[in-house]
**Q** 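Questions regarding the structure given below will be posed in turn.
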Amino acid sequence: MLAAVVQPYAAEFAVTQTMTMKTPDGQTIRIGDTEASLLKKMPQSSKPRQYMLNNGKLNCGATEYTYRIKTQEYKVTLCLSESRRINQVVRIVWRNLDAKELLHTIKK
């Protein structure tokens, strides 16, 4: 079993970092998957966020996709692999949605 790491998401939230996530139809997304593989398993749900990631371990142009699955929100971060010249999943974090967010999601 992989240990999860709780990190700040925003001032009022905590997130859990994980190595994998399951799509609604049961496919697995893993650290190291390519962007093409991610988008084949989980079609883009919203415009991805792009930014420079420099956290001491990673220094790259990052792309972040956000997905809501049932009562959780997932953020999947990809970085451009210099050696392979492709975007790869480097981080998956999730958090439980609160009741207000769930109602807002249902109304959409």
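Please read these numbers as outputs of a predicted model, since none were measured by experiment.
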**Q** Sequence neighbours left out, what passes side chain to side chain donor-acceptor pair (under 3.5 Å) with Gln27? Give chain and number order.
**A**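 Gln27 satisfies side chain to side chain donor-acceptor pair (under 3.5 Å) with Asp25 only.
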
**Q** What pairs of residues pass the salt bridge (Lys or Arg N to Asp or Glu O under 4.0 Å) test when at least one of them lies in residues 40-59, not counting sequence neighbours?
**A**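 Listed by first then second residue: Asp33-Lys41, Arg49-Glu64.
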
**Q** Quick one: are Met21 and Thr28 in side-chain contact, heavy atoms under 4.5 Å?
**A**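 They are not in side-chain contact.
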
**Q** Would you say the side chain of Tyr67 lies within less than 4.5 Å of the side chain of Ile92, judging by non-hydrogen atoms?
**A**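 With C-beta onward as the side chain, the pair stays apart.
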
**Q** Any side-chain heavy atom of Gln88 sitting closer than 4.5 Å to one from Ile86?
**A** yes

**Q** Is any side-chain heavy atom of Leu78 closer than 4.5 Å to a side-chain heavy atom of Val90?
**A**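 When only atoms from C-beta onward are counted, Val90 and Leu78 do not touch, as no gap falls below 4.5 Å.
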
**Q** Measure the CH2-OG1 distance between Trp94 and Thr71 for me, rounded to the nearest 0.5 Å.
**A**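 Atom-to-atom, Trp94:CH2 and Thr71:OG1 are 8.5 Å apart.
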
**Q** Has the side chain of Tyr74 got a donor or acceptor atom that lies under 3.5 Å from a matching backbone atom of Arg68?
**A** no

**Q** If I compare all heavy atoms of Gln72 with all of Asn96, which pair ends up nearest, and what's the gap?
**A**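 In this case the closest contact between Gln72 and Asn96 is NE2-OD1, 3.0 Å.
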
**Q** Using every non-hydrogen atom in the two residues, find where Thr77 and Leu53 come nearest and quote the distance to one decimal.
**A**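 Minimum heavy-atom separation between Thr77 and Leu53: CG2-CD2, 4.4 Å.
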
**Q** List in chain and number order the residues that pass side chain to side chain contact (heavy atoms under 4.5 Å, CB included) with Pro43, two or more places apart in sequence or in another chain; answer none if no residue qualifies.
**A** none

**Q** Just do the side chain to side chain contact (heavy atoms under 4.5 Å, CB included) check on Thr20 and Ile31 with the steps written out, would you?
**A** CA-CA 7 Å; Thr20 64; Ile31 299 294; over 6 Å; no

**Q** Is it possible for you to say whether Val89 and Leu58 belong to one hydrophobic cluster, with membership spreading through side-chain heavy-atom contacts below 4.5 Å?
**A**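 No, Val89 does not connect to Leu58 through the hydrophobic network.
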
**Q** Can you tell me how far the CG atom of Asn59 sits from the SG atom of Cys79, to the nearest 0.5 Å?
**A**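 So the gap between those two atoms works out to 8.5 Å.
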
**Q** Looking only at heavy atoms, what is the nearest atom pair of Ile69 and Lys22, with distance?
**A** CD1-O, 3.7 Å

**Q** Are the side chains of Met52 and Cys60 in contact, using a 4.5 Å heavy-atom criterion?
**A** no

**Q** Remaining members of Leu80's ILVMFWY cluster at a side-chain heavy-atom cut-off under 4.5 Å?
**A**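 Cluster partners of Leu80: none, it stands alone.
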
**Q** How far does CG of Asn87 sit from OG1 of Thr34, to the nearest 0.5 angstrom?
**A** 9.0 Å

**Q** If you define the side chain from C-beta out and look only at heavy atoms, does anything of Thr16 sit under 4.5 Å from Arg95?
**A** no

**Q** What pair of heavy atoms forms the shortest contact from Met42 to Ile29, and how long is it?
**A** CG-CD1, 3.3 Å

**Q** In chain order, what residues pass the side chain to side chain donor-acceptor pair (under 3.5 Å) check against Tyr65, with sequence neighbours excluded?
**A** Glu35

**Q** Do Met19 and Leu38 share a hydrophobic cluster (ILVMFWY, side-chain heavy atoms under 4.5 Å, transitive)?
**A**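 Result: yes, single cluster for both.
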
